[in-house]
J.: 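Below is the structure I would like to discuss, written out as C-alpha cells.
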Protein chains: 2
Amino acid sequence: MDLRQLRHFVAVAELRSFTAAAGELHMSQPALSQSVARLEKELGCALLHRNKQNPGQGVLLTVAGETLLEEGRDLIAAAQRAEERTRRAGRTSSGVSLAMGFTSGTPQHLVAAALAAADGIDGVDVYPVELDWGHEHQAIVTGRADLAYLQYAEGTPVAGHTVTGLELLERVALVPTNHRLAHRGRVTLADLAGEAILDPGSAEGVPGYRDLWLGEPRPAGMPIGRIVGPPARTVQEMYSFVAAGRGMAIASKAVADQFQRDDVVALVVPDLASVEVGVARLVEDRRPPVRQVFDALSRLSRL
Amino acid sequence: MDLRQLRHFVAVAELRSFTAAAGELHMSQPALSQSVARLEKELGCALLHRNKQNPGQGVLLTVAGETLLEEGRDLIAAAQRAEERTRRAGRTSSGVSLAMGFTSGTPQHLVAAALAAADGIDGVDVYPVELDWGHEHQAIVTGRADLAYLQYAEGTPVAGHTVTGLELLERVALVPTNHRLAHRGRVTLADLAGEAILDPGSAEGVPGYRDLWLGEPRPAGMPIGRIVGPPARTVQEMYSFVAAGRGMAIASKAVADQFQRDDVVALVVPDLASVEVGVARLVEDRRPPVRQVFDALSRLSRL
DNA sequence: CTCTCTTACGGCTGGCGTAATGATT
DNA sequence: AATCATTACGCCAGCCGTAAGAGAG
C-alpha cells in the first residue's frame with residue numbers, strides 16, 4: 001500500500017466524488033479513478049459502491065471503505081507527524097528537543113514555564129513555536145508541535161487530545177481609543193450590541209471556537225454585529241484591525257495585559273464567560289519526554 | 001514520503017548496514033543506497049552518518065535517524081494494520097466485526113466468552129481467529145486480530161499492549177504413555193532433569209516466552225535436556241511430537257484437559273509456576289467496540 | 001586486497017494525462 | 001443533453017539493476 005494511493009482514496013471518500021477529489025488533488029479524474037481501482041485490487045475488496053443508480057449523487061462507501069477512511073486519515077496524519085518530527089530532529093544538534101506551541105494570546109508566563117519545566121528533566125530541551133491563532137490543534141496533529149497551549153470554552157473537551165486546564169482568563173473587548181465606550185473601564189454585552197466584530201475564523205478540531213470569540217451565545221436583545229474578515233492570525237493583526245476602526249475584537253485579559261498600544265483600549269466584559277487555557281498533547285503520544293513535560297505543566301494547574 | 005522508502009530506511013537503520021538490508025529487502029545495494037539518499041534529500045537532513053571512519057562497522061544513526069526509525073516502525077506497523085483491517089472489513093457483509101485471536105492452548109471457555117461478550121453489544125460481531133503459538137503479539141500489531149488471549153509469566157507486562165490477567169493455569173509435562181514416568185500423576189522438576197524437550201520457539205514482543213515454556217529458570221541440579229526443534233505451531237503438533245517419543249513438552253493444564261490422546265499423558269508439575277492467561281489489545285487502539293469487548297472480558301477476571 | 005558505500009548510466013515499469021466510451025437521469 | 005465514472009493508449013519520471021569509483025583497514 002502506498003501513501004499516495006491512500007491520500008487519493010481518502011480524498012474521494014471524503015468528498016464522495018471522483019471529480020471533486022481530482023480537482024482537490026490537482027490531477028485528472030481518470031488517473032484518480034485508476035489509482036483507487038489499483039488500491040481496491042491490491043486490497044482485494046471494493047471500497048466504493050460505484051455508478052449503480054447514483055451517478056448524480058456520487059459514490060458511497062462500503063464497510064471496507066469506511067474502515068480504510070478512518071484508518072487512512074490516521075495513517076496520513078501519522079506520516080506527516082513522522083516527517084515533521086524527523087525534520088525537527090534534524091535541526092537540533094543533539095538530544096531530545098520538544099516543540100511547545102503557543103499563540104500570541106498565550107499568557108507569557110506559561111511559555112516561560114514550559115521552558116523552565118524542561119530544565120528539570122535531563123537531556124530534554126523545549127523550544128517555543130509560535131502558531132497562528134486557531135492552529136494549535138492542527139499543529140499537534142501534524143507534528144509541528146509536540147505540546148501546545150490551547151484556549152477553549154471552559155470544560156469543553158477537544159477530541160484527540162489530552163488536555164489539562166491550567167487557568168481561567170477573563171475576557172475583554174478591544175476598541176479604538178476614540179470609541180464611544182473607550183472611557184469606560186468595563187462594559188456589558190448590552191453595550192456592545194450591534195458592534196462590528198473581527199472575524200475570529202474557526203479552529204480545526206476545536207468545536208465552539210468561533211462562537212467563543214464572537215461572544216456567543218449572547219442573550220436576546222444583544223445581537224452580534226457585522227462580522228468583518230479576514231481573521232487575524234496574531235494579536236498584532238487583531239490590534240491593527242481594531243486601531244483602524246474596522247470593529248471591535250474579543251480577547252482574553254491576558255492578551256490586553258501583555259500588549260499595550262495607545263490607540264487601542266481593553267474593556268473588561270464581566271458577563272462573558274472566562275476562557276480556559278490548557279496544555280494539550282496527542283492522546284496517543286507515549287514518548288516519555290512529552291509525558292514528562294506535560295505532567296510537569298499539568299501540576300501548575302490552578303483549577 | 002513513501003512507505004517503500006520508509007521500509008528501506010528502517011531496514012538499513014535496524015541492521016546498521018546497507019549491504020545486509022539490501023539482502024533482506026531482496027534488492028541491490030546501490031538501489032537501496034539511492035532510495036535512502038532520496039529520502040534524506042526529501043527530508044532535508046541526514047539520517048545516517050556514512051563512511052567516515054567506520055566502513056567496517058556499518059553506519060550510525062543521526063538524531064533525525066533515531067527519530068525516523070522509531071516513527072517509521074510505528075508507521076509501517078500502522079499501515080499494515082490499516083490494510084489488514086480493511087481486508088477483514090471487506091470480508092464481512094455489514095456492521096462491525098472484530099477478530100479475537102487465540103491459540104490451541106487457550107482455554108475454550110474464554111473463546112466462547114469472547115463471542116458471548118459481543119452478543120451484549122449492539123451491532124458488534126466477534127469472530128475467532130486461531131493463531132500459531134507465540135504469534136499472538138504479532139497478530140495484534142499487524143492487525144490480524146483486534147484482541148487476543150495471551151499466556152505469559154505471571155505479572156510480566158507485555159510492551160505495547162494493554163493486558164488484563166484473567167486466570168492462572170497450572171502446568172503439566174506431556175510425555176508418551178510408554179514413558180518411565182507415565183504412571184505417575186504428578187512429577188517434580190527433579191524428575192524431569194535432563195529430559196529432551198520440545199523447542200518452544202520464541203514469541204516476538206513477549207519477553208521471557210521461551211524460558212517460560214522451557215520451565216526455566218530451574219533450580220540447580222535439575223538441568224534442562226536437549227531442546228528439540230522445530231517449534232510446534234499448535235497443540236496438535238505438540239502432541240504428535242510427544243507421541244513420537246522425541247521428547248516431552250510443557251503445557252498448561254487447560255491444554256491437557258481439552259485435548260486427550262491415549263498415546264500421551266499429562267503429568268502435573270507443581271513446582272513450575274502457573275502461567276497467566278490474559279486478554280490483550282493494542283494500547284493505542286481507541287475503537288469503541290474493541291474497548292467494549294475488552295472491558296467486558298476484563299470483568300471476567302478471577303485474579 | 002577486501003569490504004562497504006556512492007556515483008554513473010541504461011532499461012523498464014507504473015502512474016498520469018488526453019481522448020474516447022458507457023451509464024444514468 | 002448533461003454529468004460522472006471507466007476504458008484505451010501514449011508519454012514520461014522515477015526506481016531498480018549492472019558497472020565502475022572511492023575510501024578505509
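Lettering of chains follows the sequences in order, A, B, ..., and the numbering in each one begins at 1. Computed from a predicted structure; not experimentally measured.
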J.: Calculate the interatomic distance between Glu42(A) atom CD and dG14(C) atom P; express it in whole Å.
T.: 12 Å

J.: Any salt bridge linking Arg85(B) with Glu71(A)? Criterion: basic side-chain nitrogen under 4.0 Å from a carboxylate oxygen.
T.: yes

J.: Only counting residues at least two apart or in another chain, list the ones meeting side chain to side chain contact (heavy atoms under 4.5 Å, CB included) with Ala153(A).
T.: Thr156(A), Leu212(A)

J.: Under a 4.0 Å threshold between the charged nitrogen and the carboxylate oxygen, would Arg88(A) count as salt-bridged to Glu83(A)?
T.: no

J.: Could you pull out the protein-nucleic contacts involving nucleotides 14-19 of chain D (nitrogen or oxygen on both sides, under 3.5 Å)?
T.:
residue, atom, partner, partner atom, Å
dC15(D), OP2, Arg38(B), NE, 2.9
dC16(D), OP1, Arg4(B), NH1, 3.3
dC16(D), OP2, Arg38(B), NH2, 3.2
dG17(D), OP2, Ser28(B), N, 2.7
dG17(D), OP2, Ser28(B), OG, 3.0
dG17(D), O6, Gln34(B), NE2, 3.3

J.: Under 3.5 Å, side-chain donor or acceptor atoms of residues 2-12 of chain B against the rest of the protein: list the pairs with distances, not counting sequence neighbours.
T.:
residue, atom, partner, partner atom, Å
Asp2(B), OD1, Arg4(B), N, 3.2
Asp2(B), OD2, Arg4(B), NH2, 3.2
His8(B), ND1, Ser35(B), OG, 2.7

J.: Round to the nearest Å and state the distance from Arg7(A) atom CZ to dG15(C) atom P.
T.: 15 Å

J.: How long is the line joining NE2 of His49(B) and C1' of dC5(C), in whole Å?
T.: 16 Å

J.: Before accepting this row, confirm whether a basic side-chain N of the pair Asp199(A)/Arg210(A) lies closer than 4.0 Å to the acidic partner's carboxylate O.
T.: yes

J.: Atom CG of Leu39(A) and atom P of dG14(C): how far apart are they, to the nearest Å?
T.: 16 Å

J.: Could you state the atom-to-atom distance from CG of Leu60(A) to C1' of dC4(D) in whole Å?
T.: 14 Å

J.: Is the phosphate of dA5(D) approached by Thr19(A) (side-chain N or O, under 4.0 Å from OP1 or OP2)?
T.: yes

J.: Would you call Arg291(B) and Asp285(B) a salt bridge, using N to O less than 4.0 angstrom?
T.: no

